[in-house]
Enquirer: 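Can you read through this structure? Questions will come right after.
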Amino acid sequence: MPTAIFASFESGIIYAIMALGVYLSFRILDFPDLTVDGSFVTGAAVAATMIVSGYNPVAATLTAIIIGFAAGCITGLLHTFGKINALLSGILMMIALYSINLRIMGRSNVPLLNQDTAFTGVESVWAPLGIDTALNNLWMAVGLGEPLPGTWSILFIMVIITLAIKFLTDAFLKTEVGLALRATGDNQRMIRSFSANTNLMIILGLGISNGMVALSGALIAQYSRFADVGMGIGMIIIGLASVIIGEALFGTKTIARTTLAVIGGAIIYRLVVSMALRVEFLETGDMKLITAFIVILALIMPKVMDRYKDKKRKAQRMEERMNTVPLAERKGDDGAAIKSNS
């Protein structure tokens with residue numbers, strides 16, 4: 001159980017980068033971008049193919065980000081200049097990327113079992129430091145027991161990378177361009193009246209969003225040591241689940257709080273899925289069913305809670321109103337109105 005929780009946390013922090021990309025398109029731009037299912041695989045395909053071809057893993061990961069950014073920009077161009085519906089633009093790009101990804105990989109699956117990845121480089125630097133031994137001793141001291149994680153290096157470096165992306169996203173959304181991006185998602189007519197180029201904002205926003213998704217795909221490919229053409233199916237649902245769960249649990253008062261909530265939502269989602277798969281009657285093939293159920297629950301529960309709170313507030317107001325009614329207007333036990341003596 002402890003190892004399953006650790007692995008879920010480890011993969012969840014990588015998927016959190018993808019969730020941040022989905023947050024940018026769905027929440028900031030209010031754009032239902034289904035390109036995510038394709039650009040996630042594109043990032044994995046580019047990184048895996050370049051690593052197998054002998055390129056540096058860091059260079060391969062950076063290239064994946066650029067290709068993902070380009071894919072998002074094309075979706076934006078289809079919508080803004082091609083005047084294609086937002087949803088349809090994403091679907092068309094997602095379909096096109098399926099063939100492009102096959103072209104990039106040359107086959108449906110690219111294994112990285114015997115290849116050096118960005119994570120193996122981190123592990124080689126991390127191992128001599130002796131941090132794993134210290135953390136594993138602490139792990140056992142608090143009573144979590146064995147089996148222990150093989151290395152803490154991936155979790156450590158991914159927490160740093162994900163938080164760095166989170167803070168960069170926060171800072172970007174507070175800049176003039178970032179504010180224009182947020183305003184474009186809120187009210188295009190209004191921001192257009194201030195001479196802002198909303199088409200450019202949509203293209204830029206979708207490019208950044210899919211660049212982050214492609215980065216997540218590239219890191220997941222190196223983490224799981226393979227890239228597969230079907231690994232992006234349902235990725236948009238996972239991203240949405242992370243965003244919705246995070247917002248429901250941690251709130252959305254500020255941008256900084258919301259982006260942190262999205263990261264937390266991605267981790268919680270992976271933990272819930274991991275725990276669900278340990279139930280006897282559920283199998284690995286039920287992953288999509290579990291995901292759908294989690295999303296449905298995350299969508300329904302906040303509304304149920306809001307209705308309950310609203311009902312409670314109304315009852316409280318009614319009680320306060322009754323307490324403030326003058327005694328002269330209240331009825332006695334026999335139902336007759338009590339009149340005050342003048």
Side-chain angles (χ1 to χ4, degrees), residues 17-47 49 62-105 169 172-173 175-218 227 229-240 242-244 262:
I17 300 173
M18 180 271 296
L20 285 171
V22 172
Y23 166 75
L24 278 180
S25 59
F26 272 82
R27 285 289 189 256
I28 299 298
L29 273 180
D30 193 26
F31 192 103
D33 184 23
L34 298 186
T35 311
V36 170
D37 281 16
S39 59
F40 184 86
V41 184
T42 301
V46 170
T49 303
L62 293 174
T63 305
I65 297 172
I66 295 170
I67 302 300
F69 179 85
C73 289
I74 293 172
T75 301
L77 287 168
L78 289 174
H79 174 64
T80 55
F81 291 98
K83 304 302 179 185
I84 300 174
N85 176 272
L87 191 62
L88 187 56
S89 298
I91 293 172
L92 289 171
M93 194 60 204
M94 176 185 67
I95 293 170
L97 283 174
Y98 184 87
S99 297
I100 292 170
N101 295 334
L102 278 174
R103 283 277 188 175
I104 291 171
M105 292 191 290
T169 302
F172 170 71
L173 291 175
T175 63
E176 188 174 339
V177 176
L179 290 171
L181 201 71
R182 291 160 64 183
T184 300
D186 287 336
N187 192 326
Q188 286 194 38
R189 287 186 179 181
M190 182 273 290
I191 192 64
R192 212 178 284 127
S193 68
F194 290 100
S195 302
N197 190 335
T198 54
N199 288 345
L200 181 61
M201 290 297 104
I202 291 172
I203 294 167
L204 177 64
L206 292 178
I208 295 172
S209 170
N210 284 279
M212 293 166 71
V213 172
L215 170 60
S216 179
V229 73
M231 67 191 298
I233 297 173
M235 201 54 59
I236 186 63
I237 300 299
I238 295 174
L240 279 175
S242 302
V243 172
I244 293 166
V262 170

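Computed over heavy atoms, backbone and side chain alike; hydrogens, waters and symmetry mates excluded.
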Enquirer: Could you grab the distance from atom CG of Leu181 to atom OG1 of Thr198, nearest 0.5 Å is fine?
Expert: 11.0 Å
Enquirer: Would you give the length of the straight line joining atom CG of Leu179 to atom CE of Met201, rounded to the nearest 0.5 angstrom?
Expert: 11.0 Å
Enquirer: In Å and rounded to the nearest 0.5 Å, what is the CD1 to OH distance from Ile233 to Tyr98?
Expert: 7.0 Å
Enquirer: Supply the atom-to-atom distance Asn101 CG to Ser39 OG, rounded to the nearest 0.5 angstrom.
Expert: 9.0 Å
Enquirer: With Ser25 as reference, evaluate Asp33, Thr75, Ile236 under the side chain to side chain contact (heavy atoms under 4.5 Å, CB included) test and give the passing residue.
Expert: Asp33
Enquirer: Using the rule side chain to side chain contact (heavy atoms under 4.5 Å, CB included), only one of Leu173, Thr169, Thr184 pairs with Ile28; which is it?
Expert: Leu173
Enquirer: Begin from the C-alpha positions of Phe26 and Val243 and carry the test side-chain contact (heavy atoms from CB on, under 4.5 Å) through to its verdict.
Expert: CA-CA 9 Å; Phe26 272 82; Val243 172; over 6 Å; no
Enquirer: Less than 4.5 Å apart, side chain to side chain, heavy atoms only: is that true for Ile104 and Val46?
Expert: yes
Enquirer: Quick check for you: to the nearest 0.5 Å, what is the distance between Leu215 atom CG and Leu20 atom CG?
Expert: 10.5 Å
Enquirer: Nearest 0.5 Å, please: how far is CG in Leu78 from SG in Cys73?
Expert: 11.5 Å
Enquirer: Report yes if some heavy atom in the side chain of Gln188 is under 4.5 Å from a heavy atom in the side chain of Ile202; otherwise report no.
Expert: yes
Enquirer: Side-chain contact, heavy-atom cut-off 4.5 Å: Met18 with Met235?
Expert: yes
Enquirer: Ignoring hydrogens and angles, tell me if any N or O in the side chain of Thr80 forms a donor-acceptor pair with the backbone of Asn199 under 3.5 Å.
Expert: no
Enquirer: Between Met105 and Thr49, is any pair of side-chain heavy atoms under 4.5 Å apart?
Expert: yes
Enquirer: Of all heavy-atom pairs between Ala214 and Ala64, which one has the smallest distance, and what is that distance?
Expert: CB-O, 3.4 Å
Enquirer: Check whether any side-chain heavy atom of Ile208 lies under 4.5 Å from a side-chain heavy atom of Phe69, and answer yes or no.
Expert: yes
Enquirer: So, for Met190 and Ala183, which heavy atoms are closest and what is the spacing to 0.1 Å?
Expert: CE-CB, 4.4 Å
Enquirer: Heavy atoms, side chains only, cut-off 4.5 Å: are Phe40 and Asn210 in contact?
Expert: no
Enquirer: Between Leu206 and Thr35, is there a side-chain heavy-atom distance shorter than 4.5 Å?
Expert: no
Enquirer: What donor-acceptor contacts under 3.5 angstrom involve side-chain atoms of residues 84-91, with partners at least two apart or in another chain?
Expert:
residue: Asn85; atom: OD1; partner: Leu87; partner atom: N; Å: 2.9
residue: Asn85; atom: OD1; partner: Leu88; partner atom: N; Å: 3.3
residue: Ser89; atom: OG; partner: Ile84; partner atom: O; Å: 3.3
residue: Ser89; atom: OG; partner: Asn85; partner atom: O; Å: 2.9

Enquirer: Is there any salt bridge (charged side-chain N to carboxylate O under 4.0 Å, His left out) pair reaching into residues 182-192, and which pairs are they, with sequence neighbours excluded?
Expert: none
Enquirer: Can you see which heavy atom on Ile17 is nearest to which on Ser216, and at what distance?
Expert: CB-CB, 4.1 Å
